[in-house]
Chemist: 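Would you mind keeping the following structure in view while I ask a few things?
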Protein chains: 2
Amino acid sequence: MTNRRDAVREILVHSEGFRSAQDIYAQLRADGAKIGLTTVYRALQALADNGQVDMLRTDDGESVYRACATGTHHHHLVCRRCGRTVEVAGPAVERWAETVGAEHGFTAITHTVEVFGTCPSCTAIKSAG
Amino acid sequence: MTNRRDAVREILVHSEGFRSAQDIYAQLRADGAKIGLTTVYRALQALADNGQVDMLRTDDGESVYRACATGTHHHHLVCRRCGRTVEVAGPAVERWAETVGAEHGFTAITHTVEVFGTCPSCTAIKSAG
DNA sequence: CCGATTTTGACAACGGTTTTCATTTTAGCG
DNA sequence: CGCTAAAATGAAAACCGTTGTCAAAATCGG
């Protein structure tokens, strides 16, 4: 049943930024849920297939997930210090990706775009410290 | 000594697109080189640290490397079938990234942009087979 | 309640990467 | 050249996130 899957999604919905599978699993167990790591992975995959969560790879190859507002295509602006995430729509990038692909005769264009930066709060902290 | 490291770089310099460590290792061995996988990894890390090669993660978490023409900032259009790579400059994306970052008060903006598609040759193959 | 189907989860397997550590190679020096 | 210290090398083990296996448990349909 989808009990466990909902539990997994709940975690994501109530999370600020991206979470890893292991991370979610740990929190679920800490919350007292009886769930296995395998099921967390399966739930995450199902959710990602459904477009209910976004998935991306961190620089060290770990998959991280985030519940997104809609199934609409969008990108992320992620604070590299606190992990805070803002969803950003980028018609310009979509078009650019399509264009450069087409210019070189490529078809079935997809693209990954992630923007990293330091958010306002963390910028303040940094300059203070 | 940097003998092995040069061998690794040679492979990359003479390669069209991104290559994986294991891939490079296999070619080196096929070429008759006496080199270990460990050394290939170490060479690749050193090269990447030096900025002599670009490194990125594929969607399935594998690290792939490529010798780049210059240290100039650019992106890649990668054929998801044969791995053929085209370097593309994208002033539009650069500006877009800066803009969305700034809009949300983020500083020290960086971005990762990779475009994937099926190259002309592979598109032909696909429709043929 | 009963059997069929799906879901679950402990555990093993997998695959790429990194570490370990003993051996080999190189550099410095007389 | 011979010697020693330091660096590089590579085979194998360790790591770690992820995926597969398979038997047990939950759920559905009748």
Side-chain angles (χ1 to χ4, degrees), chain A residues 1-12 15 17-67 78 83 112 114, chain B residues 1-12 15 17-67 76 78 80 83 85 112 114 116:
Chain A
M1 260 300 100
T2 48
N3 266 344
R4 321 304 168 106
R5 199 175 83 174
D6 283 341
V8 169
R9 191 176 49 199
E10 277 306 294
I11 297 277
L12 285 175
S15 295
F18 283 91
R19 310 283 303 268
S20 72
Q22 317 256 355
D23 183 20
I24 293 166
Y25 169 68
Q27 177 172 343
L28 249 6
R29 297 304 292 245
D31 289 354
K34 297 286 184 296
I35 191 174
L37 182 55
T38 312
T39 304
V40 174
Y41 274 105
R42 275 193 290 240
L44 252 10
Q45 283 169 344
L47 255 8
D49 285 349
N50 271 4
Q52 295 183 62
V53 305
D54 262 10
M55 165 189 157
L56 66 87
R57 295 253 179 190
T58 62
D59 274 352
D60 53 300
E62 197 178 19
S63 297
V64 289
Y65 306 81
R66 178 166 193 266
V78 185
T112 65
E114 306 298 335
Chain B
M1 65 156 63
T2 48
N3 265 345
R4 319 306 167 108
R5 199 174 84 176
D6 283 341
V8 169
R9 191 176 50 200
E10 277 305 294
I11 297 277
L12 285 175
S15 296
F18 282 91
R19 310 284 304 267
S20 72
Q22 316 255 356
D23 184 20
I24 293 165
Y25 169 68
Q27 176 171 343
L28 249 6
R29 296 304 291 244
D31 289 353
K34 298 287 184 298
I35 191 173
L37 183 54
T38 312
T39 304
V40 173
Y41 274 105
R42 276 193 289 239
L44 253 10
Q45 284 169 344
L47 255 9
D49 286 349
N50 272 5
Q52 295 183 60
V53 305
D54 264 9
M55 165 190 157
L56 64 86
R57 294 255 180 191
T58 63
D59 275 352
D60 54 300
E62 196 178 20
S63 297
V64 289
Y65 307 80
R66 177 166 195 266
H76 298 103
V78 186
R80 68 164 65 79
T85 305
T112 65
E114 303 300 334
F116 298 93

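Residue numbers start from 1 in every chain, and the chains themselves are labelled A, B, ... in the order their sequence lines are given, proteins ahead of strands.
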Chemist: What's the CG-C1' distance between B/L28 and D/dG10, to the nearest Å?
Modeler: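 Atom CG in B/L28 sits about 13 Å away from atom C1' in D/dG10.
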Chemist: Is there a side-chain contact between B/F18 and B/T58 (heavy atoms, below 4.5 Å)?
Modeler: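 Not touching, per the 4.5 Å side-chain cut-off.
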Chemist: Side chain of B/R4: nearest nucleotide among D/dG10, D/dG17, C/dT17?
Modeler: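 From the listed options, D/dG10 comes nearest.
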Chemist: Find the distance B/D60:CG to D/dG17:C1' and express it as a whole number of Å.
Modeler: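 Taking CG of B/D60 and C1' of D/dG17, I get 13 Å after rounding.
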Chemist: Answer with base, sugar-phosphate or nothing: what part of the nucleic acid does A/S63 contact at a heavy-atom distance below 4.0 Å?
Modeler: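 Here A/S63 touches the backbone only, sparing every base.
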Chemist: Measure CD1/A/I35 against P/D/dA25 and give the value in whole Å, please.
Modeler: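 Rounding to the nearest Å, CD1 of A/I35 and P of D/dA25 are 18 Å apart.
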Chemist: If you take atom types as modelled and just measure distance, does the side chain of B/T39 reach the base of D/dA8 with a donor-acceptor pair under 3.5 Å?
Modeler: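 In this structure, the two groups form no donor-acceptor pair.
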Chemist: Taking donor-acceptor contacts at under 3.5 Å, does the side chain of B/S20 reach the base of C/dG16?
Modeler: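 No.
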Chemist: Of all the heavy-atom pairs spanning B/A43 and B/V8, show the shortest one and how long it is.
Modeler: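 Heavy-atom minimum between the residues: CB-CG2, 3.8 Å.
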Chemist: Between A/D6 (CG) and C/dT7 (C1'), how many Å, whole number?
Modeler: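 Roughly 14 Å, once rounded to whole Å.
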Chemist: Can you give me the closest heavy-atom contact between A/L44 and A/V53, atom names plus distance?
Modeler: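 Residues A/L44 and A/V53, closest heavy atoms: O-CG2, 4.2 Å.
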Chemist: Between A/R29 and B/L37, which is nearer to the 5' end of DNA chain C once each is assigned its nearest nucleotide?
Modeler: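 Here A/R29 is the residue nearer the 5' end.
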Chemist: Has the side chain of B/T39 got a donor or acceptor atom that lies under 3.5 Å from a matching backbone atom of B/I35?
Modeler: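 Absent.
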Chemist: Could you check how far NZ of A/K34 sits from C1' of D/dA24, rounded to whole Å?
Modeler: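 After rounding, the gap between these two atoms is 17 Å.
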Chemist: To the nearest angstrom, how far is B/Y41 atom OH from C/dT19 atom P?
Modeler: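 Computing the B/Y41:OH to C/dT19:P distance gives 13 Å.
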Chemist: Would you mind reading off the distance between B/E62 atom CD and D/dC16 atom C1', rounded to a whole angstrom?
Modeler: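 In whole Å, D/dC16 C1' lies 16 Å from B/E62 CD.
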Chemist: Tell whether B/R42 reaches the base of D/dG10 with its side chain through a donor-acceptor pair below 3.5 angstrom.
Modeler: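 Donor-acceptor pair under 3.5 Å: yes.
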Chemist: Should B/Q45 be listed as having a side-chain N or O under 4.0 Å from OP1 or OP2 of C/dT17?
Modeler: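 For B/Q45, the contact criterion (side-chain N or O under 4.0 Å from OP1 or OP2 of C/dT17) is not met.
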Chemist: For A/Q22 and A/Y41, test the side chains for any donor-to-acceptor distance below 3.5 angstrom and give the result as yes or no.
Modeler: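 Yes - a donor-acceptor pair under 3.5 Å links their side chains.
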Chemist: Using atom CD of B/Q22 as one end and atom P of C/dG16 as the other, report the distance to the nearest whole Å.
Modeler: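 The distance from CD of B/Q22 to P of C/dG16 comes to 5 Å, rounded to the nearest Å.
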